Structure formats: C-alpha cells, structure tokens
Amino acid sequence: MRPLFLLPVFALAACEMPAPELPETDLPFFGDGYRAEGDQCRNLGESADTIEYLDHTADLVGCPEDMENLGVFVADTGAIEVARKDGYVIYSVPNG
C-alpha cells in the first residue's frame, strides 16, 4: 500500500510551473529574490552600469520590465526607476 500513498505526491511534483525565463544580461545580480526568495526582482551590485545609482540609503534592484506586478512592486516599496538595461528596470528602493 505504501506506493499508492506516494502517488499523489509525485503527481503534484509533476504539475509544478517552470520558473519564468529571464532576459540575458551582464547586470551584477545577487541573491535569490528581492523581498522574498524566488521573487523576479533581485538586488544589484556594483558595475560600470550601476555605479552611478548606488546609494547607502537605498537598495539597487532590477526587475524584468515585463513583470506582471511591476506597478504593485513600485507602490509597495517606494521604488524609483533610475535606468533600463537588457529588458530590466533598475530601481532605487529606499531603506526602511
């Protein structure tokens, strides 16, 4: 009987949605998501493309420009758009 007990678990695992494809870029992303693991928005580090936007009072964050809930992200975080590159919108998000 044990194999039948595991059948629903395997069926659910097979139904998982694949992660969305993100645009190719050389932006210096790090972490697994901004605000929560798995979020499409991610922190950005220092590079020639981001250096002028880095600020110790804000997080620099990149989100895919076609992200469905981009407006909600901006409203919830107070994000300010500072640039666009390679299909991503780069935001400065105030700390605290």
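From a predicted model like this one, the values you see are computed outputs, not experimental measurements.
To the nearest 0.5 Å, the span separating CD on Glu68 from CD on Gln40 amounts to 9.0 Å. Here Lys85 contributes atom NZ and Leu27 contributes atom CG; the two are 5.5 Å apart, rounded to the nearest 0.5 Å. Expressed to the nearest 0.5 Å, how far CG of Leu60 lies from CD of Glu52 amounts to 10.5 Å.
Here Asp32 pairs with nothing under the side chain to side chain donor-acceptor pair (under 3.5 Å) rule; sequence neighbours left out. Residues meeting the salt bridge (charged side-chain N to carboxylate O under 4.0 Å, His left out) test with Asp59, sequence neighbours left out: none. Every residue was checked against the ring-ring contact (aromatic ring centres under 6.0 Å, His included) condition with Tyr34, not counting sequence neighbours, and none meets it.
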Would you be so kind as to tabulate the donor-acceptor pairs closer than 3.5 Å made by side chains of residues 89-96, with sequence neighbours excluded?
unit_1 : atom_1 : unit_2 : atom_2 : d
Asn95  : ND2    : His56  : O      : 3.4

Considering only distance and modelled atom types, tabulate donor-acceptor pairs under 3.5 Å from the side chains of residues 69-82, sequence neighbours left out.
unit_1 : atom_1 : unit_2 : atom_2 : d
Thr77  : OG1    : Phe73  : O      : 2.7
Thr77  : OG1    : Ala79  : N      : 3.2
Glu81  : OE1    : Arg84  : NH2    : 3.3
Glu81  : OE2    : Arg84  : NE     : 2.8

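Across all their heavy atoms, Pro64 and Tyr88 have their closest contact at N-CD2, 3.6 Å. Closest of all the heavy-atom pairs between Asp49 and Asp26 is OD2-OD1, 3.9 Å.
Note on Leu44: it does not cluster hydrophobically with Phe30, by side-chain heavy-atom contacts below 4.5 Å among ILVMFWY residues.
Sorted by first and then second residue, the disulfide bond (SG atoms under 2.5 Å apart) pairs involving residues 66-96 (not counting sequence neighbours) form an empty list. The stretch residues 63-96 participates, sequence neighbours left out, in these disulfide bond (SG atoms under 2.5 Å apart) pairs: Cys41-Cys63.
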Exercise for the section: Under the side chain to side chain contact (heavy atoms under 4.5 Å, CB included) rule, what do Leu54 and Glu46 come out as? Steps first, then yes or no, please. Expected result: CA-CA 7 Å; Leu54 291 173; Glu46 184 175 336; 3.6 Å; yes

